[in-house]
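Just so we're on the same page: letters track the sequence lines, and every chain starts at 1.
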Amino acid sequence: DGGITQSPKYLFRKEGQNVTLSCEQNLNHDAMYWYRQDPGQGLRLIYYSQIVNDFQKGDIAEGYSVSREKKESFPLTVTSAQKNPTAFYLCASSIGLRASYEQYFGPGTRLTVT
Amino acid sequence: AQTVTQSQPEMSVQEAETVTLSCTYDTSESDYYLFWYKQPPSRQMILVIRQEAYKQQNATENRFSVNFQKAAKSFSLKISDSQLGDAAMYFCAYRSPIINGGSEKLVFGKGTKLTVNP
């Protein structure tokens with residue numbers, strides 16, 4: 001079955017440590033996205049990538065970094081510079097960037113930093 | 001910048017009845033896409049229905065339909081014959097047709113929590 005996998009489902013880290021969230025898709029989609037969800041809020045875009053080796057900042061990119069070395073993979077690193085990293089992180093993908101293309105979401109990773 | 005507002009933080013409905021969730025948005029664009037996403041307790045976002053702004057006909061997907069009022073910038077979701085499995089957070093989202101302009105994202109509302117009572 002095609003889909004998006006995110007691992008792990010729950011992640012715990014100490015303050016000051018960098019942590020990398022995994023996102024893999026086997027849908028052969030070119031575009032991938034990272035969103036952050038906080039309680040009582042909708043999703044906000046962190047980074048997106050249209051194609052391998054290319055990515056763009058979203059609305060809340062500060063304190064995060066990404067890479068896109070393979071079409072299937074778009075890992076997100078939450079750095080120690082991110083002031084409030086505890087949140088639910090969702091990865092998504094779509095055929096391309098056109099608005100008419102549906103974004104498919106992964107199951108998410110809940111990150112807790114103490 | 002576009003904004004999406006969902007004025008009902010919580011709604012409840014009896015099983016088998018109909019419920020309408022409200023959404024309004026603000027944009028200066030004439031062409032765009034609107035979506036309703038469902039987020040069940042598993043927290044995976046699932047697309048429920050979408051509407052292209054240039055289409056006057058309201059979208060329908062089985063028990064789900066929308067009332068799209070472009071002039072009023074309103075996009076409500078009607079769920080008919082509500083089922084227990086419909087209980088979830090529902091998010092309204094806006095997508096600009098512009099590419100490479102920083103608009104390549106879904107703009108989400110804050111969501112409405114729907115409870116279905118047996």
Side-chain angles (χ1 to χ4, degrees), chain A residues 1 3-11 23 25 27 29-51 54-61 74 87-111, chain B residues 1-10 21 23-25 27 29-55 59 61 88-113:
Chain A
D1 285 336
I4 301 174
T5 56
Q6 291 185 245
S7 60
K9 190 173 178 66
Y10 299 96
L11 192 53
C23 176
Q25 55 98 359
L27 299 167
H29 285 173
D30 283 321
M32 297 187 74
Y33 312 79
W34 274 106
Y35 290 90
R36 170 181 170 141
Q37 185 178 24
D38 293 287
Q41 302 290 326
L43 280 64
R44 292 180 292 166
L45 184 68
I46 305 172
Y47 268 98
Y48 66 97
S49 168
Q50 183 175 5
I51 199 168
D54 179 71
F55 46 83
Q56 304 295 328
K57 292 181 179 180
D59 295 330
I60 55 167
F74 191 41
F88 187 64
Y89 291 87
L90 283 156
C91 178
S93 72
S94 60
I95 296 173
L97 283 185
R98 287 178 61 181
S100 56
Y101 296 140
E102 179 181 346
Q103 291 188 22
Y104 295 83
F105 285 82
T109 292
R110 171 69 183 175
L111 173 64
Chain B
Q2 294 83 13
T3 58
V4 176
T5 302
Q6 293 180 248
S7 59
Q8 306 153 316
E10 296 188 25
L21 309 183
C23 172
T24 58
Y25 57 94
T27 183
E29 295 171 328
S30 59
D31 189 23
Y32 45 86
Y33 293 78
L34 296 165
F35 305 85
W36 278 99
Y37 278 88
K38 170 184 178 181
Q39 188 178 42
S42 67
R43 302 202 72 176
Q44 179 144 13
M45 298 288 283
I46 303 164
L47 179 64
V48 174
I49 198 166
R50 74 178 194 177
Q51 175 83 40
E52 291 95 336
Y54 66 87
K55 289 187 177 179
E61 288 288 341
M89 285 291 291
Y90 285 83
F91 292 93
C92 180
Y94 173 101
R95 174 71 194 261
S96 167
I98 298 173
I99 294 178
N100 293 328
S103 299
E104 299 88 340
K105 63 179 181 286
L106 289 166
V107 178
F108 286 86
K110 293 186 177 182
T112 296
K113 181 179 180 181

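The closest side-chain heavy-atom distance from B/F91 to A/Q37 is below 4.5 Å.
Nearest heavy-atom pair, A/F105 versus B/Q44, reported as atom, atom and distance to 0.1 Å: O-NE2, 2.7 Å. The nearest pair of heavy atoms linking B/R43 to A/L90 is O-CD2, 4.0 Å. A pairwise comparison of heavy atoms in B/Q39 and A/F88 identifies NE2-CE2, 4.0 Å as the closest pair.
A cation-pi geometry, defined here as NZ or CZ lying under 6.0 Å from the six-membered ring centre and within 45° of its normal, does not hold between A/R44 and B/F108.
For chain B, the nearby part of A/L45 is the side chain; its heavy atoms alone come within less than 4.5 Å. Looking at A/K57, there are no atoms closer than 4.5 Å to chain B (heavy atoms on both sides), in backbone or side chain. For chain A, no part of B/E52 is nearby; none of its heavy atoms comes within less than 4.5 Å. B/F35 touches chain A through its side chain: at least one heavy atom from C-beta onward sits under 4.5 Å away, while N, CA, C and O do not.
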**Request:** Could you give me the CA-CA distance, side-chain angles and deciding distance for A/Q103 and B/M45, then say whether side-chain contact (heavy atoms from CB on, under 4.5 Å) is met?
**Result:** CA-CA 10 Å; A/Q103 291 188 22; B/M45 298 288 283; over 6 Å; no

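B/R95 contributes atom CZ, which lies 6.5 Å from atom CG of A/L97 (distance to the nearest 0.5 angstrom).
Contact count against chain B (heavy-atom pairs under 4.5 Å) is highest for A/G42 among A/S94, A/G42, A/G96. Ranked by heavy-atom pairs under 4.5 Å with chain B, the list A/G58, A/G106, A/G108 is led by A/G106.
Under a 3.5 Å cut-off, the side chain of A/E102 and the backbone N or O of B/L47 do not form any donor-acceptor pair.
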